[in-house]
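Taking it in order: structure first as structure tokens, then the write-up.
Below, chains carry the letters A, B, ... as their sequence lines are ordered, and counting in each starts from 1.
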There are 2 protein chains.
Amino acid sequence: MKEQILIVDDDNDILELLEYSLNSVGYDTLGFLSTKNVRQVLLEEKIDLILMDRNLPDIEGSLYIEMLRSKDINTPVIFISAKDSIEDIKDGLIKGADDYITKPFDMQELILRIKAVLKRYNNESKELIDTLLYQDMKLDLNMHQVNINSINIDLTKLETALLQTMIKNKGRVLDRDYLIKHIWKSSDNINQKTVNVAIKRLKEKIDPQRDKEYIKTIRGVGYLLV
Amino acid sequence: MKEQILIVDDDNDILELLEYSLNSVGYDTLGFLSTKNVRQVLLEEKIDLILMDRNLPDIEGSLYIEMLRSKDINTPVIFISAKDSIEDIKDGLIKGADDYITKPFDMQELILRIKAVLKRYNNESKELIDTLLYQDMKLDLNMHQVNINSINIDLTKLETALLQTMIKNKGRVLDRDYLIKHIWKSSDNINQKTVNVAIKRLKEKIDPQRDKEYIKTIRGVGYLLV
DNA sequence: GAGTTTTGTAACCGTTATGATATAAATATG
DNA sequence: CATATTTATATCATAACGGTTACAAAACTC
């Protein structure tokens with residue numbers, strides 16, 4: 001379900017940095033130090049985007065892409081290059097590429113460009129990353145909102161975490177100690193009553209009319225998602 | 001409820017061996033050949049421990065864990081690695097991991113380490129013996145309710161404890177002293193009559209019509225579940 | 001750094017669980 | 001049948017608990 005990005009860079013440090021950063025924002029990555037096995041992988045795997053250094057030791061980037069295109073591989077490409085000369089970008093050398101970013105690059109910018117390219121290629125924005133489903137609710141951990149019967153409700157960080165662990169443990173009664181340990185990691189100095197209030201606030205958010213009893217209280221024990 | 005261990009190893013043979021061994025000592029396992037869907041599973045399932053090869057083809061283990069930690073996923077991790085150099089272990093490469101074992105590993109040792117980590121982390125994995133069955137009733141110790149002929153009846157903590165010990169000792173007459181000692185642990189200062197009342201209230205809950213005599217009174221002795 | 005939002009705590013209050021007690025009912029015994 | 005003993009039921013008192021609200025502290029935002 002996640003988008004998979006193939007990265008080619010001969011500098012191992014940069015490669016790792018890229019992989020880590022892209023993974024951390026929810027992409028799957030496949031890293032390569034050379035173009036050696038890339039074509040094969042492109043044929044076998046579902047790759048959504050290629051991110052490659054234009055100045056590889058073995059082959060010039062745009063040449064390689066040209067080759068791919070001739071083989072009917074049309075995966076979008078973003079080039080990374082040390083050359084920041086506008087000329088290069090303009091004069092068609094980046095033929096076949098969908099975007100271009102120069103080293104040293106800002107990771108935020110790169111991610112934005114990646115998103116843009118993917119969006120362009122991907123009509124359906126599959127933002128299905130990091131969502132939890134439970135009955136009629138869909139919890140989006142990234143956006144910090146829960147969608148219940150097609151209405152979106154913004155949640156705070158705490159509310160999100162709370163709902164998340166409740167969904168993860170649906171059907172189980174979670175006592176206050178458990179919740180404190182797992183949500184307020186600073187276990188000790190959190191008042192038990194605090195949980196009551198947090199639960200109350202969450203209940204209020206996800207069920208303002210108070211007609212659906214999502215969260216049930218077991219007196220003397222704790223709470224559970226029924 | 002069994003503890004659930006998520007395993008990531010690109011070597012299918014090892015993966016199967018691990019799954020088989022851990023299953024046979026009572027753990028539930030979820031095996032993966034790559035980290036591809038792992039994160040989503042971690043979000044959705046209640047995973048108690050991650051066991052992963054540190055040298056996966058697609059990503060270095062500790063990097064992956066670092067990413068997980070940055071996403072507030074704090075499931076404990078044990079790394080398996082071919083590298084047995086003490087250096088690696090020491091120099092913080094296993095940052096975020098809770099333990100480390102080197103290939104080839106002894107299964108007994110691995111299981112011991114798993115136990116140790118789980119114990120350390122274990123959110124008081126309470127005796128989740130969850131449900132007790134008796135005739136047409138199903139007592140859910142977790143939810144504190146008893147299901148009789150498909151209708152759920154909420155019980156209080158005391159009622160639950162009472163019914164639990166009665167089911168555990170079905171067919172045996174339990175005198176009031178026994179019940180006081182086992183249910184009201186504060187043994188002494190509990191009035192014998194209190195048991196009568198508690199039993200009466202339980203009877204009322206589980207059989208409002210008073211047609212089924214679940215709990216029988218043995219005059220001069222105590223009560224039993226027939 | 002001012003202003004807004006989120007979050008923890010304390011206080012208050014209604015509710016509930018439950019132990020005790022008084023009384024009624026049931027059961028045993030002679 | 002009469003009486004004694006045991007148990008069931010009803011009622012009351014109270015302590016514990018959870019929901020609610022208000023407010024202060026902390027964390028974000030611009």
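- Place B:Gln192 and B:Lys205 on DNA chain C by their nearest nucleotides, and B:Lys205 ends up nearer the 5' end.
- For the pair A:Arg219 and D:dA15, the criterion of a side-chain N or O lying under 4.0 Å from OP1 or OP2 is not met.
- B:Lys46 has a carboxylate O that lies under 4.0 Å from a charged side-chain N of B:Asp48, or vice versa, which qualifies the two as a salt bridge.
- If you find the closest nucleotide of DNA chain D to A:Arg201 and to B:Ile199, the one lying nearer the 5' end belongs to B:Ile199.
- Nucleic acid contact class of A:Thr156 (heavy atoms, under 4.0 Å, all strands): sugar-phosphate only.
- C:dT5 atom P lies 12 Å from atom CG of A:Asp154, rounded to whole Å.
- Close to D:dA8, at under 4.0 Å from its OP1 or OP2, lies a side-chain N or O of B:Thr217.
- A donor-acceptor pair is defined here as one N or O able to donate and one able to accept, closer than 3.5 Å; such a pair exists between the side chain of B:Asp140 and the backbone of B:Met143.
- Here the C1' atom of nucleotide D:dT7 and the CD atom of B:Glu213 are 13 Å apart, to the nearest Å.
- Between the CD1 atom of A:Ile190 and the P atom of D:dA25 there is a distance of 16 Å, given to the nearest Å.
- Base contact: B:Lys193 has a heavy atom under 4.0 Å from a base atom.
- Contact annotation: A:Arg176 reaches the phosphate of D:dG18 (side-chain N/O to OP1 or OP2, under 4.0 Å).
- A:Ile148 approaches A:Ile206 most closely through the heavy-atom pair CD1-O, 3.5 Å.
- Between A:Asn149 and A:Lys212, some side-chain heavy-atom pair lies under the 4.5 Å cut-off.
- If you measure from atom CD1 of B:Ile183 to atom C1' of C:dT18, you get 14 Å, rounded to the nearest angstrom.
- Among D:dT7, C:dG19, C:dT7, the nucleotide with an atom closest to any side-chain atom of B:Asn196 is D:dT7.
- Nearest nucleotide to the side chain of B:Thr194, out of C:dT7, D:dG19, C:dG19: C:dG19.
- OP1 and OP2 of D:dT6 both lie 4.0 Å or more from every side-chain N or O belonging to B:Tyr223.
- The side chain of B:Trp184 places an N or O atom within less than 4.0 Å of a non-bridging phosphate oxygen (OP1 or OP2) of C:dG19.
- For A:Lys200, whose side chain is taken as the heavy atoms from C-beta onward, the closest listed nucleotide among D:dT21, D:dA8, C:dG8 is D:dT21.
- In this structure, A:Leu158 atom CG and D:dA25 atom C1' are separated by 15 Å, rounded to whole Å.
- B:Gln40 places a side-chain N or O within donor-acceptor distance of the main-chain N or O of A:Thr131, the cut-off being under 3.5 Å.
- Here the P atom of nucleotide C:dT7 and the CG atom of A:Asn189 are 17 Å apart, to the nearest Å.
- Look at NZ on A:Lys157: it is 14 Å from C1' on D:dT29, rounded to the nearest Å.
- Under 3.5 Å, the side chains of B:Asp154 and B:Gln145 contain a donor-acceptor pair of N or O atoms.
- The phosphate of C:dA10 has OP1 or OP2 within less than 4.0 Å of a side-chain N or O from A:Asn191.
- Put simply, CG on A:Leu163 is 16 Å from P on C:dT6, counting in whole angstrom units.
- Within 4.0 Å (heavy atoms only), B:Ile218 reaches sugar-phosphate atoms of the nucleic acid but no base atom.
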